[in-house]
Amino acid sequence: MYFGAHVRSGGGVWHAIENGLEIGAEAIQFFAGSPRTWKPMRYKEQDAEQFRALRADSPIRFVVIHTIYLINLATENEDFYEKSVTALCGALRAADQLGADAIVTHIGSHQGAGFAAGLERVQLALRRALADSEGSPVKLLLENTAGAGGTMGVDFLELGQIIDAAGGDPRLGICVDTAHIYESGADLRTREGIDQVLRELDDGCGPDRLAMLHLNDSKTPLGSNRDRHENIGDGDLGEAAFRLLVNEPAFRDLPGILEVPGLDGKGPDKENLDRLRALVD
Ligand SMILES: [Zn+2]
Ligand SMILES: [Zn+2]
């Protein structure tokens, strides 16, 4: 595994690369625009060019855009649904402009309508986004959830069903958030727990869909269904879990990206990256 972080991209998107390099990241994730507004980001060609040139000369191996938090691809509210699909398409377009490797998105909640009803809406949204970005190499990664309030994609069975229903396009993949999976009830603190997760991943989604991890410790206990990220080693998962995770052969070539609060509360920092690297055998 190689390590990176969610970074700021304000004041010119190429700053995301500088902000990543400053803390020693080999992979970066950022929001294209504000994560709490619908307005899709369209970069000036000059800015995108500067981003691509800086990246080409850097040790950054993986670039991913995180979609806005508002997105709900499973909602029955038409207006909200259309805005969500538009935002998903916008993120794919922005990623393509920057030469990014992927976008990662939360799927959303069926809000009580049930998984099957949600699945219908999600698969259509994914098909529309893939068609809108046809020919692009940018991957569309679905993130697992902590399991709160009807959220879709709580385990690999659900994620696999969603990918299949959307037609199984090779650009569809998975991002596993270590805090979310622990909060949803999978114990990553033991060898047996991790082996169980790997079996479920294989059974639910097949061996090749996993494209990245979000490496976050959890402030809340196993199975809490409450999503609260903590700095590496300071939470309920603790150092033992991350030692197993960073040395896991199945994750060897994947980026592990921090979304932790940081020691000074300003987001992922060098200290958290150092903690991860110190655990590698
Ligand atoms: Zn996320
Ligand atoms: Zn989270």
Side-chain angles (χ1 to χ4, degrees), residues 3-9 16 25 27-37 41 62-74 84 87-88 90-92 94-95 100-109 122 125-126 129 138-156 158-159 162 172-186 188 197 209-232 234-237 241-242 245 254-262 265 267-268 272 276:
F3 305 109
H6 187 98
V7 295
R8 289 165 207 267
S9 63
I28 54 170
Q29 171 182 287
F30 50 91
F31 297 118
S34 162
R36 296 180 199 285
T37 60
M41 175 53 82
F62 192 82
V63 173
V64 55
I65 287 179
H66 199 302
T67 62
I68 55 174
Y69 291 136
L70 298 164
I71 281 186
N72 187 352
L73 306 175
S84 297
L88 189 66
L92 280 165
D101 299 274
I103 68 164
V104 59
T105 190
H106 300 185
I107 300 164
S109 166
V122 173
L126 295 176
V138 176
K139 289 194 173 232
L140 199 179
L141 307 180
L142 308 173
E143 181 169 342
N144 67 308
T145 81
T151 45
M152 307 277 295
V154 70
D155 56 33
F156 298 116
E158 286 193 6
L159 288 165
I162 291 166
L172 290 171
I174 288 168
C175 167
V176 169
D177 186 307
T178 56
H180 300 178
I181 195 167
Y182 180 71
E183 290 153 355
S184 79
L188 302 176
V197 163
R209 294 287 180 185
L210 182 64
M212 67 182 271
L213 291 95
H214 280 159
L215 297 178
N216 302 311
D217 210 326
S218 174
K219 271 193 171 72
T220 70
L222 179 68
S224 68
N225 296 132
R226 281 186 304 130
D227 181 22
R228 298 278 182 283
H229 299 183
E230 179 56 286
N231 292 315
I232 300 298
D234 292 345
D236 228 60
L237 273 165
F242 287 97
L245 288 163
L254 300 180
I257 293 181
L258 291 162
E259 295 175 319
V260 294
N272 273 280
L276 288 170

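Whatever order the structure lists ligands and atoms in, that order sets their numbers, starting from 1.
To the nearest 0.5 Å, atoms CG (Leu70) and OG (Ser34) are separated by 8.0 Å.
In this structure the side chain of Leu215 never reaches within 4.5 angstrom of the side chain of Asn272, judged on heavy atoms.
In terms of the side chain to side chain contact (heavy atoms under 4.5 Å, CB included) criterion, residue partners of Asp236 (sequence neighbours excluded) are, by chain and number, Tyr182, Arg189, Pro221. In terms of the side chain to side chain contact (heavy atoms under 4.5 Å, CB included) criterion, residue partners of Val154 (sequence neighbours excluded) are, by chain and number, Thr145, Glu158, Ser184.
Within the coordination shell of the Zn ion (ligand 1), defined by N, O or S atoms under 2.8 Å, His66 is present.
The nearest N/O/S atom of Asp227 to the Zn ion (ligand 2) is OD2.
Rounded to 10 degrees, the NE2-metal-NE2 angle spanning His229 and His180 at the Zn ion (ligand 2) equals 110°. Angle subtended at the Zn ion (ligand 1) by Glu143 OE1 and His106 NE2: 100°, rounded to 10 degrees.
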